[in-house]
2 protein chains.
Amino acid sequence: MAEQTKAARRTPLTRDRVLRAAVVLADDIGIEALSMRKLAQELGVVPMALYKHVANKEQLLDGMVDVVVGEIEPPVAGADWKSAVRRRILSARRALVGHSWAAQVIRTRSGPTPAVLAYMDSVIGMFRTGGFSVDLTHHAMHALGSRMMGFTQELFDASPGPDPRTRPARPQEDAGEYPYVRELAGAVAHDEGSVVGQGCDDQFEFEFALDLLLDGFERLRRQGWSSAGRSGGRTT
Amino acid sequence: MAEQTKAARRTPLTRDRVLRAAVVLADDIGIEALSMRKLAQELGVVPMALYKHVANKEQLLDGMVDVVVGEIEPPVAGADWKSAVRRRILSARRALVGHSWAAQVIRTRSGPTPAVLAYMDSVIGMFRTGGFSVDLTHHAMHALGSRMMGFTQELFDASPGPDPRTRPARPQEDAGEYPYVRELAGAVAHDEGSVVGQGCDDQFEFEFALDLLLDGFERLRRQGWSSAGRSGGRTT
DNA sequence: ACCTGAACACCGTTCAAGT
DNA sequence: ACCTGAACACCGTTCAAGT
């Protein structure tokens with residue numbers, strides 16, 4: 001009877017339930033604080049029970065990425081390549097927003113998960129059907145880098161983290177040091193936030209850089225650019 | 001006498017010696033395997049001895065970043081803004097190459113260390129003296145993001161890591177899935193490496209994207225671009 | 001056959017006891 | 001006053017003992 005009460009208290013564990021709980025927990029307490037033990041506790045389960053559904057923590061992280069990436073809206077049909085790619089990337093950005101850990105976790109995976117691969121495939125397809133050569137598409141994908149998935153490629157994580165006390169004190173800006181940094185920080189005119197990555201309109205900065213790259217791609221496509229003549233080309 | 005032998009066996013610990021040993025150790029065993037305890041052992045010292053020179057592990061990582069960033073060559077004088085910025089960024093890239101952990105560590109710092117701030121100041125200065133408005137400089141710095149420090153902003157870490165066994169098996173590419181990924185991967189014509197981030201000429205990809213951005217900046221500068229008319233502008 | 005508690009080999013860091 | 005061993009509160013994961 002006692003066991004029955006315990007068993008009934010929770011719907012049975014599934015891989016999906018484990019992954020979704022992990023996503024929520026990481027959203028709440030941050031990715032660096034997410035542990036197998038805390039996740040188990042959150043699910044009202046003994047730690048070892050998780051290992052029936054994920055082989056190890058790495059696989060848990062892979063699964064979490066797939067949950068988030070799976071929420072990206074499907075591509076819209078019938079548009080020129082540039083607005084199609086632009087919309088797809090901005091919709092990826094919308095899906096990943098709110099999961100501040102996602103960028104870092106995706107980047108530290110040793111390879112793409114199936115959902116990421118499917119997403120990449122759709123973006124590559126937009127370039128190809130838009131008249132890009134395989135060669136130029138390849139370099140465009142590299143140039144986009146993780147911006148392809150909607151991450152801002154800032155120098156520092158904008159996420160304040162759970163413990164603002166560990167934040168290093170703003171360096172002495174009263175001294176004449178870093179005059180250009182000061183000028184720029186002053187012009188942004190936000191009293192809070194780090195020099196780069198905060199106190200700014202992230203969405204604007206993201207689209208600014210994205211459009212700069214997309215316009216560059218379009219220019220190269222029109223002039224039939226190819227990497228064939230690059231220095232030190234194919235040696236094999 | 002015994003103590004004297006022990007004391008003489010090692011030159012006395014300094015903050016600098018601790019940081020340099022940490023850099024070498026991270027290069028060797030990877031950043032995720034670097035621990036205070038292993039570092040102490042490497043230095044022939046009890047773990048707690050390190051805490052005389054760094055307050056905690058976070059400060060150790062800050063110090064490691066400064067060691068690496070401090071090795072970036074100083075800027076060259078007397079060039080147009082574009083080649084000056086280009087050279088500075090490529091020299092940062094040279095300094096960080098070989099420290100595959102540096103990109104990730106810099107990004108996860110909650111703010112810039114002094115050496116990073118000094119570097120950023122010099123880059124910002126190049127834009128400003130090159131005729132860029134504060135406004136455009138600001139957005140250009142965001143668009144460069146961590147590429148400003150010479151990182152490739154790839155979607156996945158190219159570093160294979162110490163344990164290639166944990167690498168997820170390449171997804172089934174025999175099936176008709178991911179046709180565009182397959183086409184692109186085939187064209188790159190390297191049998192080893194992940195879809196994006198490996199088996200490619202990293203330096204070429206880096207310069208390709210960098211030049212695309214720099215050319216875009218120059219175009220905007222010439223036409224006197226300003227963000228003043230942006231949608232939903234300053235609301236305060 | 002399934003589940004799970006204890007245990008193992010780590011971590012960063014505190015703190016009190018030694019010199 | 002300085003240094004440091006043991007201890008604390010964690011980790012991911014193994015494994016053998018229980019049902």
Side-chain angles (χ1 to χ4, degrees), chain A residues 1-15 17-19 21-22 25-26 28-64 101 105 108-110 161-163 165-166 168, chain B residues 1-15 17-19 21-22 25-26 28-64 101 105 108-110 161-163 165-166 168:
Chain A
M1 204 211 254
E3 305 101 67
Q4 209 169 359
T5 318
K6 212 192 277 179
R9 207 178 56 196
R10 290 263 170 202
T11 55
L13 266 197
T14 62
R15 185 180 151 84
R17 239 170 62 78
V18 169
L19 297 181
L25 189 57
D28 284 354
I29 66 175
I31 192 68
E32 73 291 331
L34 176 74
S35 72
M36 299 296 276
R37 290 162 124 106
K38 279 189 201 145
L39 176 57
Q41 190 183 321
E42 198 74 12
L43 287 161
V45 141
V46 83
M48 282 313 296
L50 299 176
Y51 286 81
K52 289 281 110 175
H53 301 98
V54 288
N56 48 41
K57 194 178 183 182
E58 291 296 296
Q59 219 187 75
L60 177 77
L61 294 172
D62 282 343
M64 291 168 68
W101 47 271
V105 172
T108 53
R109 298 301 80 204
S110 51
D163 192 355
R165 278 174 295 129
T166 61
Chain B
M1 202 212 261
E3 305 99 68
Q4 209 168 356
T5 317
K6 212 192 278 180
R9 207 179 54 197
R10 292 261 169 205
T11 55
L13 266 197
T14 62
R15 184 179 152 85
R17 239 170 62 79
V18 169
L19 296 181
L25 189 56
D28 284 354
I29 67 175
I31 193 68
E32 73 289 331
L34 176 75
S35 72
M36 300 295 275
R37 291 164 124 106
K38 279 189 201 146
L39 176 57
Q41 191 182 321
E42 198 74 14
L43 287 161
V45 142
V46 82
M48 282 314 296
L50 299 177
Y51 287 80
K52 288 282 110 173
H53 301 99
V54 288
N56 49 40
K57 195 178 182 182
E58 291 295 296
Q59 219 186 75
L60 176 78
L61 293 172
D62 282 343
M64 291 168 67
W101 47 270
V105 171
T108 53
R109 299 300 81 203
S110 51
D163 192 356
R165 278 174 294 127
T166 61

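In the text below, chain A, chain B and the rest are named by the order of the sequence lines, each starting its count at 1.
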Can you tell me how far [atom2] of [N] sits from [atom1] of [X], to the nearest Å?
X       : N      : atom1 : atom2 : result
B/Gln41 : C/dC11 : CD    : C1'   : 14 Å
A/Leu60 : D/dG12 : CG    : P     : 10 Å
B/Leu39 : C/dC10 : CG    : C1'   : 16 Å
B/Lys38 : C/dC10 : NZ    : P     : 8 Å
A/Leu50 : D/dC11 : CG    : P     : 13 Å
A/Glu32 : D/dG12 : CD    : P     : 13 Å

Return yes if some donor-acceptor pair links the side-chain N/O of A/Lys57 with the main-chain N/O of A/Met36 below 3.5 Å, else return no.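 No; judged by distance alone, with no hydrogens or angles, the pair does not exist.
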Can you tell me if A/His53 uses its side chain to pair, donor with acceptor, with the backbone of A/Val18 under 3.5 Å? no
Looking only at atom C1', what distance separates D/dT14 and C/dG12, rounded to whole Å? 23 Å
Just wondering, do B/Met64 and B/Val105 contact through their side chains at under 4.5 Å, heavy atoms?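 No, their side chains stay 4.5 Å or more apart.
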4.5 Å side-chain heavy-atom contact, A/Leu50 and A/Leu43: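 Side chain of A/Leu50 against side chain of A/Leu43, heavy atoms only: contact under 4.5 Å found.
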Indicate for each nucleotide in nucleotides 13-19 of chain D, in 5' to 3' sequence, whether protein heavy atoms under 4.0 Å reach the base (B), only the sugar-phosphate (S), or nothing (-). BBB----
Evaluate the side chain to side chain contact (heavy atoms under 4.5 Å, CB included) criterion for residues A/Lys52 and A/Arg15: first the C-alpha distance (whole Å), next the side-chain angles of each, then the deciding distance (0.1 Å), finally the verdict. CA-CA 8 Å; A/Lys52 289 281 110 175; A/Arg15 185 180 151 84; over 6 Å; no
Identity of whatever pairs with [N] - Watson-Crick or G-U, under 3.5 angstrom:
N      : value
C/dC3  : none
C/dA17 : none
D/dC11 : none

Consider the side chain of A/Val46, meaning its heavy atoms from C-beta on, and name the nucleotide among D/dC3, C/dT4, D/dT4 that approaches it most closely. C/dT4
Going by the side-chain contact (heavy atoms from CB on, under 4.5 Å) test, name the single residue among A/Leu25, A/Thr108, A/Leu61 that passes it with A/Ile31.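 Single side-chain contact (heavy atoms from CB on, under 4.5 Å) partner of A/Ile31 among A/Leu25, A/Thr108, A/Leu61: A/Leu61.
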Interatomic distance, B/Leu19 atom CG to B/Arg17 atom CZ [nearest 0.5 angstrom]: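 Reported value, rounded in 0.5 Å steps: 11.5 Å.
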